[in-house]
Amino acid sequence: MSIVATETEQAAVGDQPAGLPGPVPRPTARTLYTGRWWTLSLLVSLNLLVTLMLMWLYRDGEQLRTKQQLTTMAKVVQFLDERSSGRASAEGAVRIPTGVFVQSMRFASANDVRVTGYVWQRFEGDVRSQIADDGLVRASTVGGSSTRVLPGFVLPQQVDSTFSIVRRFVSYRPPAPTAGDGPSTSADTTTPTTTTTPTTVGPTTSTTSHRPDELPPLMLRRMLATSSGHDGSTVVGWYFEGPIRQSSESTSSDGGTFEYSDYPFDHKIVRLRIWPADFTSNVVLVPDLAAYPCQNQPTEPCTGEDDTFGIDNGITLGEFRPDNSYFDYHLEDYYTTNFGLGSDVFQQSRYPELQFNVIVRRNIRNALVSSMVPLTVAAGLAFLILMTITGDERRSRRFGFSPVQTLVALAGVFFAVLLAHLQLRNQFESVVYIEWFYFLIYIMLLVVAVNAILTTVPTVRERAMLRVGDNLAARLLFWPVLLASSVLLTLALL
C-alpha cells in the first residue's frame with residue numbers, strides 16, 4: 001500500500017538536495033507570516049524598554065530646587081522684610097550671623113538622621129570676657145542700638161537624650177591694621193573650650209562631650225579665617241552630634257521631603273532647623289554666607305543654587321550622595337501655645353527659623369539591581385512557561401505540558417517574587433514606585449495561569465485568539481504589554 005503525500009506536505013518537503021540524508025523543509029507562507037509578527041513584537045518591546053530606561057535616566061538627573069534658597073545677603077534681607085513677622089524686621093531685632101558645617105550623616109531609620117558637625121555664631125568686637133563673665137554678649141540691633149543677647153542655639157528636631165551640644169572654641173579676629181600703622185600686635189586667638197555649662201536653653205542640652213577636646217577641622221578653620229577677614233569680630237563655635245527627626249511631605253507644614261513614594265528615584269532634603277538660644281529676645285539668626293568662600297575667589301561666597309557648601313568633602317552617606325546645600329527660612333505658627341510666656345513675650349510665632357538644608361540623591365544602581373533583576377528573571381521565567389503552553393497534543397507530550405505542572409511552576413515563581421516583595425515592604429510604610437512592578441508581575445503570572453487553563457478547555461481553545469498559531473497571540477503580546485504597562489506606571493507615578 002503506497003503512501004501519497006498531499007499537496008501541502010509536498011510543498012512543505014520540497015525538493016531533496018543531493019547528498020543530504022533527509023528532506024529539508026521549505027518555509028511556508030504561514031512560517032514567514034509568523035516570523036514578521038515576532039519581529040514586530042521584538043521591535044515594539046525594544047522601543048518600550050529604551051523609553052523606560054530614558055525616563056529613569058531623566059528622573060534621576062532631575063534637580064531638586066526650592067523657591068526660597070537664601071543665596072545672597074540681599075535675599076536674606078528681602079525675605080525678612082517681606083515674608084517674616086513684623087518683629088523680625090523691627091529696629092529692635094538682633095541679627096546674628098550663624099553658620100553650619102556638617103561632618104557626617106547617617107540614616108538611622110526612615111525618618112531619623114544622625115548628624116555631627118559644627119555651628120558657629122559671629123558677634124561684633126571682642127566679647128570673650130563677656131562670655132566668660134555671665135554668658136551674655138553685646139550686640140547691635142537693626143536700628144543701631146546696643147543690647148545684650150545669649151549666644152547659642154537650639155535644635156528642635158533632636159529626638160533623644162544622647163544628643164550633645166558642646167562649645168568648642170571662641171575665636172577673636174582683630175581689626176586689620178590701617179595704612180601707616182605698624183604691624184598688628186594683636187594676634188588672632190582661638191580659644192578651645194570644653195565647658196560643662198549648658199550652651200543652649202532647654203533640657204536637651206548636653207553638658208558632656210563624646211569627642212576629645214580639639215580645634216575645629218582644617219576646612220572649618222579656613223572658613224572662619226576667610227569669612228570676614230580681620231573685622232574685629234568674635235566667633236563662638238559649638239560641636240553637636242545626635243539623631244535629628246525628619247518629617248515626611250504628607251505631614252510636614254514646611255514641605256519636607258523625607259517621603260519615599262518615588263523610591264528609588266527619591267531625593268531627600270535633610271533639614272537642620274536652628275532656633276536662637278533665648279525665646280524671649282528678638283533675635284533672628286541669619287546665614288553667615290561669607291563663611292563659605294569660593295576656592296578661586298576667597299572674597300566671594302559660593303552659596304549659589306548649584307553650589308554645595310557646609311559639608312565635609314569626605315562625607316559618606318551610604319546609598320546616598322550629596323547633591324546640593326542651601327539656607328532658607330521656615331515660618332512656623334505656634335498657635336496652640338505661647339510656652340507660658342504670653343503673646344507679648346514669646347517671639348517664635350511666625351518667626352523666621354533658620355534652616356540649613358542638604359539635598360542628597362539616592363544611588364539608583366544598587367536599588368535597581370536589588371529590585372529589578374529578580375523581577376526581570378521572574379518575567380523571563382513566566383514567558384518561558386507561556387511558550388510551553390499549547391493545545392496541540394504532540395507538542396504537549398514533547399514539552400510535558402499539563403495545567404497542573406504549569407500552575408506549580410508559576411507558584412514557585414510567585415513565592416520567589418513574594419519573598420523579595422516582603423523584604424522591600426519592611427523598609428517602607430507606604431507603597432513606593434518600584435513596588436508597583438511587583439504588582440505588575442503578579443498580574444502577568446495570573447494571566448499566564450489563566451491562559452494555561454483556557455488552552456485545555458475544548459470549547460475555549462477553538463477561539464480565534466487561542467487557535468491562531470497555537471496560542472501565538474499571547475506569546476507575541478507578553479513583552480509589549482508588560483513594558484507598555486511599565487512605561488505608563490512611570491508616567492503616572494514619577
Side-chain angles (χ1 to χ4, degrees), residues 31-63 260-267 319 321 361-389 406 409-410 412-421 423-425 427-428 431-452 465 468-494:
T31 303
L32 295 176
Y33 186 70
T34 302
R36 293 191 185 100
W37 278 113
W38 276 111
T39 301
L40 178 62
S41 176
L42 178 62
L43 292 177
V44 172
S45 301
L46 288 177
N47 286 329
L48 291 171
L49 179 61
V50 171
T51 301
L52 181 62
M53 296 180 67
L54 290 177
M55 294 172 67
W56 284 349
L57 291 175
Y58 174 79
R59 181 63 177 82
D60 182 54
E62 187 177 2
Q63 297 294 323
Y260 296 87
S261 62
D262 51 353
Y263 173 88
F265 301 97
D266 50 332
H267 294 183
E319 58 182 334
R321 62 183 187 274
R361 183 195 304 269
R362 188 184 296 274
N363 186 355
I364 67 171
R365 182 183 304 173
N366 296 336
L368 288 180
V369 168
S370 61
S371 297
M372 295 306 297
V373 169
L375 291 177
T376 303
V377 173
L381 291 175
F383 178 72
L384 293 178
I385 294 174
L386 180 62
M387 293 293 293
T388 64
I389 298 176
T406 300
L410 291 174
V413 176
F414 168 76
F415 280 112
V417 176
L418 182 62
L419 291 177
H421 188 189
Q423 185 178 4
L424 179 66
R425 287 295 306 145
Q427 303 179 33
F428 311 104
V431 178
V432 297
Y433 162 75
I434 203 72
E435 194 173 353
W436 288 96
F437 288 89
Y438 287 89
F439 299 144
L440 186 58
I441 292 297
Y442 296 150
I443 295 175
M444 297 303 294
L445 292 176
L446 181 61
V447 170
V448 173
V450 172
N451 181 264
M465 290 292 294
V468 174
D470 192 16
N471 203 27
L472 179 64
R475 301 166 185 167
L476 291 175
L477 293 175
F478 181 87
W479 290 111
V481 170
L482 179 62
L483 293 172
S485 301
S486 302
V487 172
L488 293 178
L489 281 176
T490 303
L491 286 174
L493 299 175
L494 292 184

Just distance, no hydrogens or angles: give the donor-acceptor pairs under 3.5 Å from side chains in residues 371-384, sequence neighbours left out.
residue : atom : partner : partner atom : Å
Ser371  : OG   : Ala367  : O            : 3.3
Thr376  : OG1  : Met372  : O            : 2.7

Next on the checklist: Tell me whether the count of non-hydrogen atoms from other residues, nucleotides or ligands lying under 6.0 Å of CD in Gln423 goes above 12.
Outcome noted: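 For Gln423, atom CD is not crowded (no more than 12 foreign heavy atoms under 6.0 Å).
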
Next on the checklist: Let's go through Trp38 and Leu472 carefully: what are the C-alpha distance in whole Å and the side-chain angles of both, what is the deciding distance for side-chain contact (heavy atoms from CB on, under 4.5 Å) to 0.1 Å, and is it a yes or a no?
Outcome noted: CA-CA 9 Å; Trp38 276 111; Leu472 179 64; 3.6 Å; yes

Checklist entry - Listed by chain and number, what are the salt bridge (Lys or Arg N to Asp or Glu O under 4.0 Å) partners of Asp266, not counting sequence neighbours? => result Lys268, Arg362

Between [atom1] of [X] and [atom2] of [Y], what distance do you get to the nearest 0.5 Å?
{"X": "Thr51", "Y": "Leu483", "atom1": "OG1", "atom2": "CG", "answer": "9.5 Å"}
{"X": "Trp436", "Y": "Leu493", "atom1": "CH2", "atom2": "CG", "answer": "6.5 Å"}
{"X": "Leu410", "Y": "Leu446", "atom1": "CG", "atom2": "CG", "answer": "9.5 Å"}
{"X": "Gln427", "Y": "Tyr260", "atom1": "CD", "atom2": "OH", "answer": "10.0 Å"}
{"X": "Trp37", "Y": "Leu476", "atom1": "CH2", "atom2": "CG", "answer": "7.5 Å"}
{"X": "Leu52", "Y": "Ser485", "atom1": "CG", "atom2": "OG", "answer": "11.0 Å"}

Checklist entry - So among Val50, Leu494, Val487, which one has a side chain to side chain contact (heavy atoms under 4.5 Å, CB included) with Met55? => result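 The residue from Val50, Leu494, Val487 that satisfies side chain to side chain contact (heavy atoms under 4.5 Å, CB included) with Met55 turns out to be Val487.
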
Which pair of non-hydrogen atoms, one from [X] and one from [Y], has the smallest distance, and what is that distance?
{"X": "Met444", "Y": "Leu482", "value": "CG-CD1, 3.7 Å"}
{"X": "Met387", "Y": "Arg475", "value": "O-NH2, 3.5 Å"}
{"X": "Pro264", "Y": "Leu368", "value": "CG-CD2, 4.0 Å"}
{"X": "Asp262", "Y": "Arg59", "value": "OD2-NH2, 2.7 Å"}
{"X": "Val44", "Y": "Pro480", "value": "CG1-CB, 4.1 Å"}

Next on the checklist: Between Leu418 and Tyr442, does the side-chain contact (heavy atoms from CB on, under 4.5 Å) criterion hold? Intermediate values first, please.
Outcome noted: CA-CA 9 Å; Leu418 182 62; Tyr442 296 150; 3.6 Å; yes

Checklist entry - What orientation do Phe439 and His421 show, parallel under 30°, tilted 30 to 60°, or perpendicular over 60°? => result perpendicular

Checklist entry - Parallel, tilted or perpendicular for Phe437 and Tyr433, by the 30°/60° rule? => result perpendicular

Checklist entry - Counting N and O atoms only, with roles assigned by atom type, does the side chain of Thr490 sit under 3.5 Å from a partner on the main chain of Ser486, one being a donor and the other an acceptor? => result yes

Next on the checklist: Between Asp60 and Arg361, is there a side-chain heavy-atom distance shorter than 4.5 Å?
Outcome noted: yes

Checklist entry - Heavy atoms, side chains only, cut-off 4.5 Å: are Leu386 and Val447 in contact? => result no

